[in-house]
There are 4 protein chains.
Amino acid sequence: MSTAARPESFTRTARRAQIVGCAIEVIAEVGYPQASIRKIADRVGIAMSAVLYHFGSKDNLVDAIVEHMYRSMLAIVVPAVDAESTAAGKLDAYIRSTIGYFRTHRVALVALTSTATSFQPGDGRRVEELGLSDELAEQLARLDPLAILQAGQRAGEFGEFPAESMAIALRGAVNAVVEKILRDPGYDARGYGEDLVEIFGRAVGGSR
Amino acid sequence: MSTAARPESFTRTARRAQIVGCAIEVIAEVGYPQASIRKIADRVGIAMSAVLYHFGSKDNLVDAIVEHMYRSMLAIVVPAVDAESTAAGKLDAYIRSTIGYFRTHRVALVALTSTATSFQPGDGRRVEELGLSDELAEQLARLDPLAILQAGQRAGEFGEFPAESMAIALRGAVNAVVEKILRDPGYDARGYGEDLVEIFGRAVGGSR
Amino acid sequence: MSTAARPESFTRTARRAQIVGCAIEVIAEVGYPQASIRKIADRVGIAMSAVLYHFGSKDNLVDAIVEHMYRSMLAIVVPAVDAESTAAGKLDAYIRSTIGYFRTHRVALVALTSTATSFQPGDGRRVEELGLSDELAEQLARLDPLAILQAGQRAGEFGEFPAESMAIALRGAVNAVVEKILRDPGYDARGYGEDLVEIFGRAVGGSR
Amino acid sequence: MSTAARPESFTRTARRAQIVGCAIEVIAEVGYPQASIRKIADRVGIAMSAVLYHFGSKDNLVDAIVEHMYRSMLAIVVPAVDAESTAAGKLDAYIRSTIGYFRTHRVALVALTSTATSFQPGDGRRVEELGLSDELAEQLARLDPLAILQAGQRAGEFGEFPAESMAIALRGAVNAVVEKILRDPGYDARGYGEDLVEIFGRAVGGSR
DNA sequence: GATGAATGAGTGTTCATTCAT
DNA sequence: CATGAATGAACACTCATTCAT
């Protein structure tokens, strides 16, 4: 009677996932401000009030969406970085896996971008704090390349450079591909990734 | 006859500029989706319908806003780049003046960011094409560092590297400071600019 | 057969009483219009649909609430009046016991007031007719002081006065304390009751 | 061009008055909770959004309604009371004019009753404080018979009695006629008023 | 005996736009 | 040159009710 996973939970979870998925699609297509609950419900094929039944409010739905997108990104990048043992390996893995995620998740990307810059929550919270449980926030910190750069410098693997600025530049350079991908779906993002590996591999100097 | 060539009286021009200025402020404060014509008109101190009298529609107002912001950026970056004669000088000038513009135009920056990602025009046009006369588009092309990089390579000033990828990475690294500035108004953007000059100066290799 | 005469199991009756009690609390706290079935169910700790399972509709629930409150009032006032043998005694008992009920049932009072003036049943019935079985209506008639006044006049206990108007005035004066109690929980309602006994004792004139 | 009464003001004021009037009718008919802005607008014959254009929110509309009703009551009762010079005269005038107002303003009465007990404003304000400018609140204080009773006692016109309780009882007795009127439109409220004049005339004792 | 899922009607409110003046 | 009035469409959200389980 009280097994860990109650059967009711499945229906609930599936519907929520379905709604989140459709919401991401709709946001990607028409932009967050135009992505009304009604349009999202229409895409799922249920009544608008059913969406609110499951999430209570649009803010909560956005929470779920943001969490979903962060988790899907984490699921790709973190294992890739962890699989490497050297700082240089981790750096390359960070660049390749992040851009890989961007390549394979165009829709989610558009949605996240639009949501992040348009969303204004009812309470005073920032977008970055939405739907971020402590556990999730902790994992997200691992996506910051600054840690990798500093570890590489401490280990003597990398040369000398302003680590913080380098991290910001790196993130900017990596994220810049999003805009390119969105504008030109045929863009060779993988090639850009390899170029970045080369460029930043040299910039951090180091072993060789 | 009277529509095509309007006398462009002084009052008219002044009012339009005043409205655009207030609109930028309002968008920066509450975000584009919440920036209604009424709020903008309230800030100017005129009736809501007066705004539409001057611009015809909200889309046209957005056109004017985007154009205004691009022009103000051009007015700073283009002369700075043109003042230099070498490719290396132009590259440094591009980085420093762009980041300089970001530092001194926080409000416009917030507004542009919010507008760009939230705005969905009535017709099918993209945001990037809004309010861009041919003459303006031509000038904007000069903001792309790709031209500088290629010129430097042709002149033998720079070494060998994938110019297109380098340009994208550079733009991404430069633009990354916006996010930083917006989140932390006290951030040392100028220092970051100098770091970028160093990092990318090395990356393009060359003269040294 | 099974609808008309339900077994009225203990569980059933207890649950209904529990729901009515919670509904009264919720109505008193947030007002009838804001007292949704969901909020009532939340307070009981059961599902919203369980409330409807027990009462069929919100109108029926209101029926039960009104009946409950009338019965609790009858249980106090009727015995007190019946315990007196003279008209003067009954009059005093009516005043004192009614105000006594008001003093000790503030929450029920707020709820009844809010419900009575806000509720608009689906069918055309008036609020006063809700949940009033014939048997209950008959008993409620005994709460009208008019009968006491007329009996007193017939018995020569009271002097001459327009009995109907005096009854209305008396009910109004007694009920007026509700407003006072609700606004100022510390109000000395008992003292007001004694003053009323004095005032109306004189007004009906009579024996002395 | 700048005469005291601008012509625009007239249209505005007339529309607002029209809306308030219709709102009172609708509230009286279906009760405050069911009196939606849409129903009110339908009765006026304008779009729902036009109501909000004039009042901004439902709360503001309620403000205007309550103020309107209080003012119409003041306009009748205050002059009547002021016209008398003795406390006894003022007391009689208070009773007669208040009941007179009730007789001639049945609809407004139902509306006020329903609104007062159902309305829960967005902010924390009480119903009694809605739409009450200081000036209005000051005038409303003059509707409390307590002042008349106390003045009469000080002047030696009235005998001895608990003035506060007598005032509450008097208000209750006067207000009780509302319920009677609403239930039975043919009820002789004027006769009830005369009875009250007699009953309370004796109760305050005094001169004769 | 009770529940979770879902619904459709209805709520107050915001908005860009039109139009007579 | 500018305004106030008005509108209709859209929005997020609440609610009592239904129904299969």
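What you see is a predicted model, and the numbers here were worked out from it, not measured in a lab. Naming: A, B, ... by sequence-line order, numbering from 1 per chain.
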Protein-nucleotide distance ([X], atom [atom1]; [N], atom [atom2]), rounded to Å:
X       : N      : atom1 : atom2 : answer
D:Arg16 : F:dA5  : CZ    : P     : 10 Å
A:His54 : F:dA12 : NE2   : P     : 18 Å
B:Phe55 : F:dC1  : CZ    : P     : 14 Å
A:Phe10 : E:dA5  : CZ    : C1'   : 15 Å
A:Ile40 : F:dA10 : CD1   : C1'   : 14 Å
D:Asp42 : F:dT7  : CG    : P     : 11 Å

Could you list the residues that satisfy side-chain hydrogen bond (donor to acceptor under 3.5 Å, both in side chains) with [X], not counting sequence neighbours?
X       : answer
C:Arg71 : C:Glu67, C:Glu135
A:Ser72 : A:Tyr101
A:Gln18 : A:Arg15
D:Arg43 : D:Glu25, D:Glu29

Phosphate oxygens OP1/OP2 of [N]: is one of them under 4.0 Å from a side-chain N or O of [X]?
X       : N      : answer
B:Arg38 : E:dA16 : no
D:Tyr53 : F:dA6  : no
D:Ser36 : E:dG10 : no
A:Lys39 : F:dC11 : yes
A:Arg15 : E:dG4  : no

>> Here's a test of your reading of the structure: between C:Thr11 and D:Gln34, which maps to the more 5' nucleotide of DNA chain E?
In response: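 In this pair, the answer is C:Thr11.
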>> Pick the closest DNA chain E nucleotide for A:Val51 and for B:Pro33 by heavy atoms, then say which residue is nearer the 5' end.
In response: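 Looking at the nearest nucleotide for each, A:Val51 comes out on the 5' side.
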>> Within the 4.5 Å heavy-atom criterion, are D:Val110 and D:Ile27 side-chain neighbours or not?
In response: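 No, side chains not in contact.
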> How is the base pairing of DNA chain E summarised as a dot-bracket string, given the Watson-Crick and G-U wobble criteria with both distances under 3.5 Å, [ ] for crossing and | for another strand?
Replying inline: .||||||||||||||||||||
> How close do A:Arg16 and A:Ala64 get, heavy atom to heavy atom, and via which atoms?
Replying inline: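 The answer is NH2-CB, 4.4 Å.
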> More 5' along DNA chain F: D:Ile46 or B:Gly45, using each one's nearest nucleotide?
Replying inline: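 The 5'-side residue here is B:Gly45.
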Kindly compute the distance separating [atom1] ([X]) from [atom2] ([Y]), expressed to the nearest 0.5 Å.
X       : Y       : atom1 : atom2 : result
B:Ile65 : B:Ile24 : CD1   : CD1   : 6.0 Å
B:Asp63 : B:Phe55 : CG    : CZ    : 10.0 Å
A:Cys22 : A:Lys39 : SG    : NZ    : 15.0 Å

Write out a two-atom table: protein N or O, nucleotide N or O from nucleotides 17-20 of chain E, distance below 3.5 Å.
| residue | atom | partner | partner atom | Å |
| --- | --- | --- | --- | --- |
| E:dT17 | OP2 | B:Lys58 | N | 2.7 |

> With sugar-phosphate meaning primed atoms plus P, OP1 and OP2, does D:Ala50 contact a base, only sugar-phosphate, or nothing at under 4.0 Å between heavy atoms?
Replying inline: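 Answer is base: heavy atoms of D:Ala50 come under 4.0 Å of a base.
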>> Show, in sequence, the C-alpha distance, side-chain angles and deciding distance for B:Leu61 and B:Ile40, and conclude whether the side chain to side chain contact (heavy atoms under 4.5 Å, CB included) test is met.
In response: CA-CA 11 Å; B:Leu61 174 57; B:Ile40 293 167; 4.1 Å; yes
